[in-house]
Amino acid sequence: MSIHINAKPGEIAETILLPGDPLRARYIAETFLEDARCYNEVRGMLGFTGSYKGHRISVQGTGMGVPSISIYANELIREYGVKQLIRVGTCGGMREDVKVRDVILAMTATTDSAANHQLFPGFTFAPAADFDLLHRAYRATVEKGLAVKVGNILTADNFYRESMDPVKKLADYGVLAVEMESSALYTIAARHGAKALSVLTVSDHLFSGEADTTAEERQTTFNDMIVVALEAAVQGA
Ligand SMILES: O=P(O)(O)O[C@H]1O[C@H](CO)[C@@H](O)[C@H]1O
Ligand SMILES: O=c1cc[nH]c(=O)[nH]1
């Protein structure tokens with residue numbers, strides 16, 4: 001047991017999917033995993049272990065934002081020996097060539113989070129995805145014929161902001177989309193020699209005025225993203 005997860009030793013698989021929303025963790029377990037069993041209900045942050053194509057896989061909600069995912073990533077890696085962590089989440093498109101429903105594979109995550117500024121005073125650390133996971137996920141998107149973009153994303157501390165100017169500037173520098181967790185996941189994984197990747201689906205666009213996805217479309221695009229993450233997880237195993 002760790003402070004925020006009450007699984008017994010061995011109940012969590014070495015490979016885990018990490019949605020922000022714990023109810024999505026349950027949806028993934030019920031829809032995609034065989035023989036899924038719940039191992040965590042502490043704070044309602046549900047976690048399950050089951051199997052996909054014969055491989056043991058867990059799925060754990062992380063909550064929203066860097067502090068919350070940092071707690072789960074640390075405990076999963078350090079207390080439960082998790083080795084491959086794949087975030088599956090939503091993001092807001094920032095560039096014109098990014099469309100609602102696209103899949104984004106986050107090669108790196110720029111951040112305004114105080115966490116990394118405190119960790120590396122005087123440096124700008126570049127949190128990066130694991131190349132093997134990224135490569136496998138990219139192959140899975142191509143095989144499924146999905147619209148995919150690979151590149152830099154923004155992990156932001158604020159969902160609501162007073163000015164869009166800094167975000168627009170980052171878009172000018174190639175940043176594709178914004179979410180709130182990946183820089184922490186990549187940094188913590190790097191520290192402990194674990195592999196990490198964020199597979200995201202664009203749920204809305206900050207600038208284009210493109211209509212948000214409907215609930216049904218969100219489900220379909222979300223399912224595509226989960227299959228990409230699961231295929232990336234098991235192809236290398
Ligand atoms: O869909 P999830 O995984 O929660 O991710 C995104 O959605 C939340 C904001 O609505 C933030 O957690 C952001 O990163
Ligand atoms: O605009 C958005 C959409 C999803 N997640 C975010 O953090 N921002």
Interatomic distance, CD@Glu75 vs OG@Ser70, rounded to 0.5 Å, equals 11.0 Å
Residue set satisfying side-chain contact (heavy atoms from CB on, under 4.5 Å) with Phe131, at least two apart, ordered chain then number -> His135
What side-chain donor-acceptor pairs closer than 3.5 Å can you find for residues 156-164, not counting sequence neighbours?
unit_1, atom_1, unit_2, atom_2, d
Arg161, NH2, Asn158, O, 2.9
Ser163, OG, Asp165, N, 3.0

Between Ala7 and Tyr39, the two heavy atoms sitting closest are CB-CD1, 3.6 Å
Quick one: side chains of residues 166-173, donor-acceptor pairs under 3.5 Å with protein atoms, not counting sequence neighbours, listed by atom name and distance.
none

Check your understanding: Do Ile86 and Val199 have side chains that get closer than 4.5 Å, going by heavy atoms?
Key -> yes
Of all heavy-atom pairs linking Val98 and Gly93, the shortest is CG1-CA, 3.9 Å
| said: Could you see if Ile226 belongs to whatever hydrophobic cluster contains Leu133? Use Ile, Leu, Val, Met, Phe, Trp, Tyr and a side-chain cutoff under 4.5 Å. | reply: yes
Review point. When you look at Asp132 and Lys195, which way does the side-chain contact (heavy atoms from CB on, under 4.5 Å) test go after all the steps?
Key: CA-CA 9 Å; Asp132 284 339; Lys195 297 180 169 200; 3.3 Å; yes
For Leu185 and Leu197 the tightest heavy-atom approach is CD2-O, 4.2 Å
Validation: residues 141-155 side-chain donor-acceptor distances under 3.5 Å, sequence neighbours left out:
unit_1, atom_1, unit_2, atom_2, d
Thr141, OG1, Tyr138, O, 2.6
Lys149, NZ, Asp97, O, 3.0
Asn152, OD1, Thr110, N, 3.3
Asn152, OD1, Thr110, OG1, 3.0
Asn152, ND2, Thr110, OG1, 3.1
Thr155, OG1, Glu179, OE2, 2.8
Thr155, OG1, Ser182, N, 3.4
Thr155, OG1, Ser183, N, 3.0

>> Checking Val234 against Arg136 for the side-chain contact (heavy atoms from CB on, under 4.5 Å) test, could you report, in this order, the C-alpha distance in whole Å, the side-chain angles of both residues, the deciding distance, and whether it holds?
In response: CA-CA 9 Å; Val234 304; Arg136 286 184 243 143; over 6 Å; no
Atom pairs and distances, side-chain donor-acceptor, residues 44-54, under 3.5 Å, sequence neighbours left out:
unit_1, atom_1, unit_2, atom_2, d
Thr49, OG1, Glu11, O, 2.7
Thr49, OG1, Ser58, OG, 2.6
Tyr52, OH, Glu231, OE2, 2.6
Lys53, NZ, Glu231, OE2, 2.6

Is there a path of hydrophobic side-chain contacts, each under 4.5 Å between heavy atoms, that joins Leu134 and Leu176?
no
Note to self: Test your reading of the model: is there a side-chain donor-acceptor pair from His117 to the backbone of Gly122, 3.5 Å cut-off?
What the structure shows: no
Check your understanding: If only atom types and distance count, is the side chain of Gln60 paired as donor or acceptor with the main-chain N or O of Tyr72 below 3.5 Å?
Key -> no
Rounded to the nearest 0.5 Å, the OG1 atom of Thr111 sits from the CE atom of Met180 at a distance of 10.0 Å
When rounded to the nearest 0.5 Å, the distance separating CG of Leu230 from CD of Gln235 is 11.0 Å
Q) Can you check side-chain contact (heavy atoms from CB on, under 4.5 Å) on Thr187 and Phe125, steps first, answer last? A) CA-CA 9 Å; Thr187 303; Phe125 178 72; 3.6 Å; yes
Taken in chain and number order and not counting sequence neighbours, the residues that satisfy ring-ring contact (aromatic ring centres under 6.0 Å, His included) with Phe207 are none
May I have the step-by-step check of side-chain contact (heavy atoms from CB on, under 4.5 Å) for Asn116 and Ser113, ending in yes or no?
CA-CA 6 Å; Asn116 275 22; Ser113 167; 5.6 Å; no
Hydrophobic cluster membership, with links at side-chain heavy-atom distances under 4.5 Å among I/L/V/M/F/W/Y: are Met225 and Val202 in one? no
Interatomic distance, CD1@Ile5 vs CG@Leu76, rounded to 0.5 Å, equals 4.0 Å
- Query: Parallel, tilted or perpendicular: which describes the rings of Tyr27 and Phe32, with under 30° parallel and over 60° perpendicular?
  - Reply: perpendicular
Using a 3.5 Å distance criterion without hydrogens, assess whether the side chain of Glu181 forms a donor-acceptor pair with backbone atoms of Val66. no
So CD1 of Ile188 and CG of Asn74: to nearest 0.5 Å the spacing works out to 4.5 Å
Correct closest heavy-atom pair for Glu79 and Ser2 would be CG-CB, 3.8 Å
Between Pro121 and Gln118, the two heavy atoms sitting closest are CD-O, 3.6 Å
On a heavy-atom basis, the closest approach of Ser203 and Val100 is O-CG1, 4.1 Å
Value for CD1 (Ile12) from CZ (Arg56), rounded to nearest 0.5 Å, stands at 9.0 Å
